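Structure record follows, encoded as structure tokens.
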Amino acid sequence: MLTEAAALGGLFLAAFGAATILPFQSEVVFVGMQLGNAAPLVLIVLVASVGNILGAVVNYMLGIWLEHFRHRRWFPVSEAQLARAQRAYARWGVWTLLLSWAPLGDAFTVIAGVMRTHWAVFLALVTIAKTGRYIVLAWATAATMGTGA
């Protein structure tokens, strides 16, 4: 039981780190745990998903923090440009959060904060993307090993 908890804790940290700007990879840990039957697969998917989603929330908060500097001279866009970009992003850009699982998807979660994406929309889209990625990874790993899903 302690070994399972430690393994799941390590997976959580890897998934959390992988969703932030830190150079982590959670897939290797995830697949290793799945192949080693370190914990029930549902629990592995759940822990990895929650860690990855919370890492994306950190990025979102970072984006909100960065947006507070919009009045600074060094901020890369003017007030009018930012307002225009936020309107366009609210209409079409939020769907980029479905790519938050991809290698450069962490940038989308930071941008979502800068663009003041509604919290519930952010959380829903990121949850779908991050959890969906781990479900597909679990299925692919099982299919590759001939164990079924």
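Remember, predicted model here, so these are calculated numbers, not experimental data.
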Q: Please assess Trp119 against Val57 for the test side-chain contact (heavy atoms from CB on, under 4.5 Å), listing each intermediate value before the final yes or no.
A: CA-CA 10 Å; Trp119 175 252; Val57 169; 3.6 Å; yes
Q. Would you say Tyr89 and Met61 are hydrophobically clustered, going by side-chain heavy atoms of ILVMFWY under 4.5 Å?
A.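 Linked within one cluster.
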Q.
Let me check something: do Phe30 and Val136 share a hydrophobic cluster, defined by ILVMFWY side-chain heavy atoms less than 4.5 Å apart, either directly or through other members?
A.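 No, separate clusters.
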Q: Tell me, please, which residues at least two apart from Gln25 pass side-chain contact (heavy atoms from CB on, under 4.5 Å).
A: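 Here the qualifying residues are Glu27.
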Q) Residues two or more places apart in sequence or in another chain: which of them pass side-chain contact (heavy atoms from CB on, under 4.5 Å) with Leu99? A)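 Checked Leu99 against side-chain contact (heavy atoms from CB on, under 4.5 Å); matches are Trp101, Phe108.
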If you look at every heavy atom in [X] and [Y], which pair is closest and at what distance?
X      : Y      : answer
Leu97  : Ser100 : O-OG, 2.8 Å
Ala14  : Val29  : CB-CG2, 4.0 Å
Ser26  : Tyr134 : OG-OH, 2.6 Å
Ala39  : Glu4   : CB-CG, 3.7 Å
Ala56  : Val126 : CB-CG1, 3.7 Å
Ala142 : Gln34  : N-NE2, 3.7 Å

Does some side-chain heavy atom of [Y] sit less than 4.5 Å from a side-chain heavy atom of [X]?
X      : Y      : value
Leu125 : Val121 : yes
Thr20  : Leu62  : no
Arg133 : Asn52  : yes

**Q.** Those residues that, when tested against Phe122, pass ring-ring contact (aromatic ring centres under 6.0 Å, His included) (two or more places apart)
**A.**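 With sequence neighbours excluded, Phe122 shows a ring-ring contact (aromatic ring centres under 6.0 Å, His included) to Tyr60, given in chain and number order.
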Q. If you count the non-hydrogen atoms of other residues, nucleotides and ligands that lie under 6.0 Å from CH2 in Trp95, is the total more than 12?
A. no
Q) Under 3.5 Å, side chain of Thr96 to main-chain N/O of Gly93, donor-acceptor pair present? A)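 Flag set: sc Thr96 to bb Gly93 pair under 3.5 Å.
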Q. Is there any side chain to side chain donor-acceptor pair (under 3.5 Å) pair reaching into residues 107-118, and which pairs are they, with sequence neighbours excluded?
A.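 Found Asn59-Thr109, Glu67-Arg116.
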Would you be so kind as to tabulate the donor-acceptor pairs closer than 3.5 Å made by side chains of residues 5-13, with sequence neighbours excluded?
none

(Q) Walk me through whether Leu54 and Val58 qualify under side-chain contact (heavy atoms from CB on, under 4.5 Å). (A) CA-CA 6 Å; Leu54 289 177; Val58 168; over 6 Å; no
All N/O donor-acceptor pairs, side-chain side in residues 40-48, below 3.5 Å, sequence neighbours left out:
none

